[in-house]
Structure formats: C-alpha cells, structure tokens
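The sequence lines fix the lettering, A, B, ..., with proteins before strands; numbering per chain opens at 1.
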Amino acid sequence: MPYDHTKIEKKWQKFWSKNDTFKTPDFSDKPKYYALDMFPYPSGQGLHVGHPEGYTATDAMSRMKRMQGYNVLHPMGWDAFGLPAEQYALKTGHNPKGFTDQNIDVFRKQVKSLGFSYDWDREVNTTDPSYYKWTQWIFEQLYKRGLAYEDEIMVNWAPDFMGGTVVANEEVVDGKTERGGYPVYRVPMRQWVLKITAYADRLLDDLDDLDWPESIKEQQRNWIGRSEGASVQFAVDGHKDTKIEVFTTRPDTMFGVSYLVLAPEYDLVDQITTPDQKAAVDAYRKQIESKSDLERTDLNKDKTGVFTGAYGINPVNGEQVPIWIADYVLASYGTGAVMAVPAHDPRDYEFATKFSLPIKPVIEGGDLDKEAFTGDGTHINSGFLNGMDKKTAISAAIDWLTEHDAGAKKVNYRLRDWIFSRQRYWGEPIPVIHWDDGETTLVPEDQLPLTLPDTDQLEPSGTGESPLANIDDWVNVTDENGRHGKRDTNTMPQWAGSSWYFLRYIDPHNDKALADPEKLKYWLPVDLYIGGAEHAVLHLLYARFWHKVLYDLGVVPTKEPFHKLVNQGMILGDNHEKMSKSKGNVINPDEIVEKYGADTLRLYEMFMGPLEESKPWSEDGINGSYKWIQRVWRLLIDENNHLRDRVTTINDGKLDKVYNETVKKVTEDYSRMHFNTAISQMMVFVNEAHKVDDLPVEYMEGFIKMLSPLVPHVAEELWSYFHESDTISYQPWPTYDASKLVEATIEVVLQVNGKVKSHATVDKDISKDDLEKIAMADEHMQKAIDGKTVRKTIVVPGKLVNVVAN
RNA sequence: GCCGCUGUGGCGGAAUUGGCAGACGCGCUGGACUCAAAAUCCAGUUCCCUUUACCGGGAGUGUGGGUUCGACCCCCACCGGCGGCACCA
C-alpha cells in the first residue's frame with residue numbers, strides 16, 4: 001500500500017488526543033525540559049509558513065527529550081489582545097472578542113493539523129479574564145513597589161492612529177508608528193509608566209550569563225545604552241539659585257566649553273530667557289512643537305537653534321558661556337541640557353560653525369578647520385588637566401568636580417521608562433480608580449479580574465481617552481461610603497500579557513496564585529525558547545523586566561526567564577524575497593498540509609537549511625521531501641501493506657557501521673538543532689539500506705525512532721507495524737555502539753606541498769615511520785617528488801602525510 | 001555614519017579541533033523498467049584543458065594580501081548582501 005498521509009495524520013492526531021499522550025505531569029522524578037514557542041497573535045490571516053518552522057524545531061526537541069527520559073513541558077497559547085482585532089471590530093461594529101475567538105479557533109485547528117506534541121490542557125489566552133486577572137495582579141505589585149506610576153510626560157502621540165493613541169518608544173520606527181506608519185508627535189500627557197530604568201543595570205549585566213544569540217544580546221545592550229560620564233552644574237549668571245545640570249561623557253574637555261544648549265522643552269527656558277530674546281525663543285519653540293519626531297531627526301540633519309540671552313558659568317574656570325536652545329538636544333535624554341565642546345564633538349562643531357560660536361581646542365591633534373577631533377591626545381589649555389591623556393583627564397576632572405561640589409560621576413541610560421497605557425478598548429483594563437477627592441487606589445486584589453465591559457461602542461472618545469471613557473456605568477464607581485470615583489480608562493499594551501505567559505503554562509488553572517511556587521521551582525527557567533528576531537528588544541526586554549520584579553517579590557525562583565534563546569530565520573518566497581501578498585509569493589501551509597501532509601512540511605522546513613538562517617521556499621524542494629518519506633515507506637512496507645520480508649531478526653552486519661554512525665550523528669545534530677544535517681545522515685542510511693538484502697529489526701526500529709521527532713505521524717504508523725497500538729512517543733532513544741564505528745583500516749591522504757597526490761589504505765594503528773615509508777613508496781608521490789629535494793615530511797597519524805619538496 | 005551577521009557548484013546547503021572542498025537534497029544527463037508516459041530503481045553531475053574512452057593536468061569557497069608544511073576555517077584591508085541603531089552629549 002502506498003504512503004497515504006491524509007489517513008495516517010488524521011489517525012494519529014486522534015490517537016494522541018484520545019489517549020492524552022502528551023499530557024504533562026506537574027511534577028516528576030524525571031529531569032524536566034521546558035521547550036517554549038513564542039505564542040502567536042491569532043490574526044485573521046491564519047498561519048503562515050514561518051510559524052511551523054520554529055514550532056517544528058521545539059516540537060522535535062520535545063519529542064526527542066521525552067524519548068531520552070525527560071518530563072517535557074511543551075505548551076501553546078494565544079497572544080490575543082491587540083490592535084488589528086480592534087480595528088476590524090471598529091469597522092464592522094462588533095466587539096473584538098467574537099472575532100478574536102474565531103481567529104483562535106482557526107489558529108488552533110491549523111496548529112493541530114501539524115501534529116505538534118503540545119499539552120493542550122495548558123493552553124492560555126491573554127484575553128481570558130482568568131488569565132488577565134494575573135496580568136492585572138502583576139501590575140498591582142508593580143504599583144505597590146513604586147514601579148508603576150502616573151506622570152505627565154512627553155509621549156509619542158499618534159493622532160491619526162485609530163482616533164489617536166500613545167505608543168511606546170520601542171514602537172516608534174523612523175519617527176512613525178511601527179504599525180501603520182502614522183506620524184508621531186511628542187506631546188506632554190498624563191500616562192502610566194513602568195520604571196524599567198530601575199532595572200537597567202541588572203537587565204544589562206545578566207545578559208552575560210544567557211545562552212542567547214550574540215546579536216540579540218548586543219541589540220539589548222545598545223537599547224539599554226549605558227554610558228558613563230559626569231554630571232556638571234553650571235550656575236546661571238544673574239539667577240542666584242538657578243543651576244543647569246548637564247550630562248557629559250567627556251568631563252575632560254570642560255575647558256573647551258564654548259556654550260550650553262538646552263532642549264527647547266527644558267523647563268527653565270522661560271525663566272532665564274532675556275526680554276530681547278523672548279520673541280525669538282517663543283517662535284522657535286512653537287515651530288518645534290508642531291514638528292513630528294521624523295521631521296526633527298531624519299528629515300532635518302541641519303542644525304537649528306536660538307540664543308536665550310542668558311549666560312552660564314563654567315565651574316572649572318569661571319568663564320561665561322552663552323546658553324542656547326536647540327532641538328539637537330533631546331529633552332528625554334540625560335538632563336535635557338548639554339555643555340557644548342565644538343572642538344571635540346562633531347554635533348557641537350556643526351552647530352558652532354553654523355552660528356559662529358568659538359571653537360576652543362583642549363586636546364592636541366586633528367584639524368579643526370575641517371572637523372571636530374574626537375580622538376585621544378595630550379590635553380592643552382586645560383589648567384590642571386594639561387599634559388594628561390583622555391582617560392587620566394576624565395578621572396581627574398571627575399575628582400575635581402566632586403571636590404568642588406560642582407558635579408559627580410554619573411551613569412546614564414538610553415533606556416527610558418516604559419510608557420504603559422494605551423487609549424484603546426481591546427486590552428487589559430488598568431485596575432485603578434481615581435476618586436473625586438483626589439485619592440487613587442488599586443482595585444482590591446480579591447476583586448480582580450477587572451473585566452472589560454461588553455460593548456459595541458468602540459469609537460474614540462474624542463478626548464484622547466480610550467473608548468472605555470464613554471461607558472458610563474463601567475467608568476463610574478461608588479464605594480461603601482458613597483464616595484464617587486472614576487475608573488482609569490487606559491488599557492495595557494499588547495506586551496503586558498506576553499511578558500509572563502510562560503509562567504502560566506506551568507500552572508494554567510490556578511485561581512489562588514499566578515502559579516504554584518513549587519511548580520515554578522520545578523519548571524523554571526525555560527530551557528529552550530524559539531521565535532522570531534523581531535522581538536529582540538520589545539518582548540524579550542519586557543519579559544525579562546517583569547521576571548526580575550517577580551523574582552524580587554519572591555514569586556519566581558530564577559533571575560532570568562529564558563535560558564537558551566534561538567531565533568529562527570525567515571522563510572522567503574521562491575524569488576528570495578520576503579513573502580508578501582503584493583509580491584504574490586505567499587505560501588499557505590494549509591494547502592501544503594493538504595497536498596503533501598504535515599510530516600512533509602515539517603521535514604522540508606527542517607531540511608531547508610540552518611534553523612537560524614533565512615532561506616527561500618522551493619516547491620521542488622518540498623516535493624523532494626515528500627518523495628523521501630515515500631521512499632522510507634517503501635523500504636519497510638510492501639504492496640500488500642505488510643512489513644517487507646527483508647525486515648528480519650538476522651543481522652548480517654552490513655549496516656552496522658552506517659547505522660551506528662547515524663545514531664551518533666542524528667543524536668548530536670538534533671541536540672544542537674542542526675536538523676538539516678541530521679536529515680541528510682538519515683538519507684544516507686536509507687540509501688544504504690536500499691542496497692542490502694537484510695534489514696535488521698533492531699536497526700529499523702532505531703531508525704523509526706530517530707525519524708519520529710520530525711515526522712511523527714509516519715513514524716507512529718511505521719512503528720505500529722512492529723508494535724501494534726502502542727505509541728512511539730515514550731520509547732527509549734536509540735544508542736550506538738562506538739566499537740562499530742571504527743574499522744581496522746583507514747584511508748589516509750598523501751600530499752606533496754599540501755596538494756593531494758594520492759591515497760593509501762593502511763592499518764588504523766600504523767606507526768608514523770611506517771606511514772611515511774608507504775607514502776614515499778607511492779607511485780604518484782614518486783612522480784610528484786621526482787627531481788625535487790625533500791625538505792620536510794609532516795605525518796599526522798590516522799590522517800595524512802605531507803611531503804614538502806622543491 | 002556606527003554595531004552585528006553573512007558571502008561555497010545551475011539552486012538549497014555540508015565540511016564538529018587548521019588536514020581529501022562540494023556530504024545530503026533539488027535540478028540536469030544517461031541507463032533499467034514500460035507499447036509509451038508518469039512513478040520507481042541505478043549511475044553520473046564544481047569549472048577549464050586533455051582523451052574515442054580510460055588515464056592525466058590545472059584552477060577553485062566575494063576581492064587583494066598575510067600567517068602556516070597545509071587555510072572555506074586564523075589575521076589585515078577592501079567589496080557586495082541582510083538585520084539593527086541612528087543628533088543619546
């Protein structure tokens with residue numbers, strides 16, 4: 001009977017489900033292995049071929065680990081809050097819940113059709129009140145620790161994005177919203193903010209111990225952007241109690257300061273601006289206000305600014321320096337004020353050149369007629385710093401500032417606090433009540449979850465608030481004393497639910513706690529986490545932050561959530577371009593599963609190339625994988641649907657070497673997730689098996705076991721010919737006999753001047769001298785050496801002989 | 001501009017520690033089977049030169065240099081591709 005994927009895959013998916021094959025016990029004497037996929041956002045588009053790639057890799061690891069005696073946690077769930085559902089709901093006048101649930105059903109069905117060994121009893125859904133109860137609970141813990149606070153801050157306001165919403169810094173790309181590409185303006189607004197900066201150092205330092213791709217670690221380091229320097233106080237001339245604090249990484253250049261620059265939004269600007277400069281300053285600030293971030297950065301590299309009329313006093317030499325405002329200084333970094341040293345900073349140089357401000361060299365070197373000199377050198381014109389190099393001068397300057405109470409050593413971060421509120425409906429409500437008497441309280445823990453009201457009214461409130469503001473009987477609350485208050489109408493960003501979902505899988509039905517501490521202790525950390533690199537800074541940084549807070553609270557037992565992280569590469573279209581509707585190169589996994597089966601899709605995606613790399617889809621390629629599965633089938637099963645007669649308990653030894661090699665290589669390659677080379681080794685084995693008369697049962701069973709992590713349905717079916725109505729999932733993983741790998745003779749390479757001239761088959765334990773003699777006697781070697789003088793002979797036992805001659 | 005990754009046949013890719021470059025698959029070519037085709041099985045397939053064929057020779061892992069008996073692998077410079085950051089003081 002030929003291989004029939006349709007029948008086989010349905011049969012085994014039903015078997016696994018009926019027999020709870022992959023139900024994971026909460027505890028076990030076995031060692032644990034936690035293999036996690038980044039859970040998907042269930043979009044209306046359904047699954048694309050990129051999803052099964054990472055999922056297959058974690059599934060293969062899970063299946064192998066089970067067979068190796070591990071208790072494996074391998075769950076799946078849905079990151080189901082988010083804007084697309086709300087946008088669609090708004091358009092159609094429905095509540096996003098129904099639409100979201102439908103999408104989840106489609107996703108679940110698609111995922112199930114691929115035969116992953118998830119424990120479906122542990123499925124989580126971020127939009128389920130019994131789940132977001134705990135998302136809100138975590139928020140309350142953050143609030144109690146002072147890590148969640150409301151503040152009037154400059155936010156990224158996208159007025160054209162769904163009636164206006166605020167987005168996080170991380171969600172702004174090129175001055176536009178990451179989703180939809182709407183322009184972003186910086187405006188002050190009252191927002192919820194999470195104090196991720198309090199964890200900046202730990203988020204940075206703990207990266208070192210993680211088994212993550214270097215590129216992701218590097219991106220997080222850059223994002224956190226730790227920079228060491230000094231804060232320096234500049235007095236303002238004529239304003240006795242006013243000081244301007246600047247941050248600089250180059251306190252050694254203090255004698256080269258020729259002016260100060262404040263961000264246009266800096267709060268002292270009005271106070272210090274002189275009457276004759278007021279009009280110019282006001283006009284400039286007004287002009288800046290109406291610019292989006294994009295216009296302030298990308299579109300405009302040309303420096304602009306205005307003099308305030310005020311002067312600051314340089315603490316090291318008492319010199320008066322003009323104070324300017326300019327938008328090249330960012331209000332949101334450091335103190336929003338900088339000391340400008342045009343001689344040694346390219347940005348200041350550009351500004352000083354444009355506005356004819358003095359450029360005073362304090363380090364020897366470079367050519368100041370052309371550009372700023374940022375290199376190291378001997379300090380000059382710098383009082384007590386003269387003669388020092390950069391490093392010495394920096395520390396001397398900091399010492400001086402500290403002694404004279406004019407500054408101090410300071411560390412600054414590029415990382416900002418996490419703007420956490422969204423003016424949206426479809427998210428977790430922030431469980432806070434603002435009472436009329438000015439008090440702000442949390443919704444008591446025993447009243448969580450604070451559920452979203454059911455409504456079809458998702459139109460923007462028109463006030464910049466979320467649609468929840470329109471729902472009077474939800475917003476208005478009265479306490480037992482008759483005091484009136486209003487609920488916070490903000491909801492949490494999509495990153496909230498995904499920052500801790502891996503904890504909930506461990507104990508998904510617990511209604512007393514986020515998860516049982518003993519279970520967390522057994523299962524954490526996640527051993528393997530696979531997902532796309534696009535989450536390098538957003539999700540992965542937020543999840544680490546929450547995890548550390550929970551660690552400090554004693555809720556979780558580990559400092560870091562994810563021990564090993566792997567980013568699967570992108571699957572490109574057959575034209576080597578990113579799959580997209582407009583390019584018409586999108587492959588629908590449903591069609592592939594229907595035509596070739598899930599096993600073929602899984603096998604092909606793992607065979608395409610290294611997991612981490614991007615690689616193009618090929619229809620011929622998937623067909624090749626399909627044909628190979630059929631070839632395996634034919635090797636074992638005859639036309640009458642029986643095991644072939646060649647499958648026998650007799651072992652004539654012909655497959656000994658290749659079988660043991662295959663067990664070794666496949667086991668090692670799977671462990672390193674080099675699935676493509678593991679598959680190629682199994683292909684070699686099958687090619688050899690086709691050439692021999694007897695197929696020993698032991699080897700065939702071992703081979704099917706090795707096949708099962710990648711192509712579980714066909715493996716189960718083949719296994720059932722050997723062991724009826726049993727699952728292969730918990731069979732012990734095959735082992736190899738190392739003595740079968742070595743042969744009595746080996747082939748060595750004979751080279752002259754590093755070029756291969758001949759080969760020789762020799763005893764594996766041959767002595768160096770004997771090997772050299774054989775090499776010198778070889779006919780081809782003689783010919784190559786003929787007429788030359790042998791200078792040297794290198795003999796590598798068991799490998800080669802290289803004769804150096806000229 | 002800065003940081004990270006990457007570059008190997010017609011294509012996807014392999015080469016674990018510096019030791020036979022191109023495993024395995026796709027495609028292609030030839031053969032077997034067939035009335036024929038498809039499917040399947042077997043063989044060949046880096047390029048160039050030489051040869052009826054066998055045999056033989058040379059070049060070759062983005063480019064140029066270096067270290068080494070020996071380099072896809074290590075070092076330096078450069079070029080191309082992908083990704084990230086981008087006035088962060």
*At under 4.0 Å between heavy atoms, what does A:Val749 touch on the DNA or RNA strands: base, sugar-phosphate, or nothing?*
base
*Respond yes when some side-chain nitrogen or oxygen of A:His576 is under 4.0 Å from OP1 or OP2 of B:rG12, and no when none is.*
yes
*asked:* Nearest heavy atom decides the nucleotide; on that basis, is A:Met608 or A:Lys792 closer to the 5' end of RNA chain B?
replied: A:Met608
*Would you mind calling B:rG9 syn or anti? Take O4'-C1'-N9-C4 for purines or O4'-C1'-N1-C2 for pyrimidines, and syn is within 90° of 0.*
syn
*Go through the side-chain N and O atoms of A:Gln681 and A:Thr662 and say whether any donor and acceptor fall under 3.5 Å apart.*
yes
_What contact category does A:Asn687 fall into here, base, sugar-phosphate, or nothing, at under 4.0 angstrom with non-hydrogen atoms?_
sugar-phosphate
*asked:* Taking only side-chain N and O atoms of A:Arg414, does any of them lie within less than 4.0 angstrom of OP1 or OP2 on B:rC85?
replied: no
*Across the strands shown, which category fits A:Ser332 at heavy-atom distances under 4.0 angstrom: base, sugar-phosphate, nothing?*
nothing
*Out of B:rG13, B:rA89, B:rG27, which nucleotide sits closest to the side chain of A:Asp620?*
B:rG27
*Please examine the side chains of A:Leu565 and A:Pro213, heavy atoms only from C-beta on, and report whether any two atoms are closer than 4.5 Å.*
yes
*Answer yes or no on whether A:Lys303 is positioned over the face of A:Tyr328, meaning its NZ or CZ is under 6.0 Å from the six-membered ring centre and within 45° of the axis.*
yes
_Is the phosphate of B:rA89 approached by A:Ser227 (side-chain N or O, under 4.0 Å from OP1 or OP2)?_
yes
_Any A:Arg634 side-chain nitrogen or oxygen under 4.0 Å from OP1 or OP2 of B:rC41_ = yes
*Sugar-phosphate, base or nothing in reach of A:Gln751, heavy atoms under 4.0 Å*: base
*Please work out the stems of RNA chain B from pairs that are Watson-Crick or G-U wobble with both distances under 3.5 Å, keeping only runs of three or more consecutive pairs.*
B:1-7 with B:79-85, B:10-12 with B:24-26, B:27-32 with B:40-45, B:46-49 with B:56-59, B:62-66 with B:74-78
*By nearest nucleotide on RNA chain B, pick out whichever of A:Asn753 and A:Lys578 is the more 5' one.*
A:Asn753
*Do A:Glu688 and A:Lys657 meet the salt-bridge criterion of a basic N to acidic O distance under 4.0 Å?*
no
*Would you indicate what A:Thr793 reaches in the nucleic acid, counting non-hydrogen atoms under 4.0 angstrom: base, sugar-phosphate, or nothing?*
nothing
*Indicate the atoms forming the closest heavy-atom contact of A:Tyr604 with A:Pro616, along with that distance.*
OH-O, 3.9 Å
*Polar contact flag, side-chain donor to acceptor under 3.5 angstrom, A:Ser227-A:Tyr413*: no
*Compare side-chain N and O positions of A:Arg631 against OP1 and OP2 of B:rC42 and report whether any pair is under 4.0 Å apart.*
yes
*Does A:Tyr333 have a side-chain nitrogen or oxygen under 4.0 Å from the phosphate oxygens OP1 or OP2 of B:rA89?*
yes
*Would you name the heavy atoms of A:Asn314 and A:Val257 that are closest together and state the gap between them?*
ND2-CB, 3.8 Å
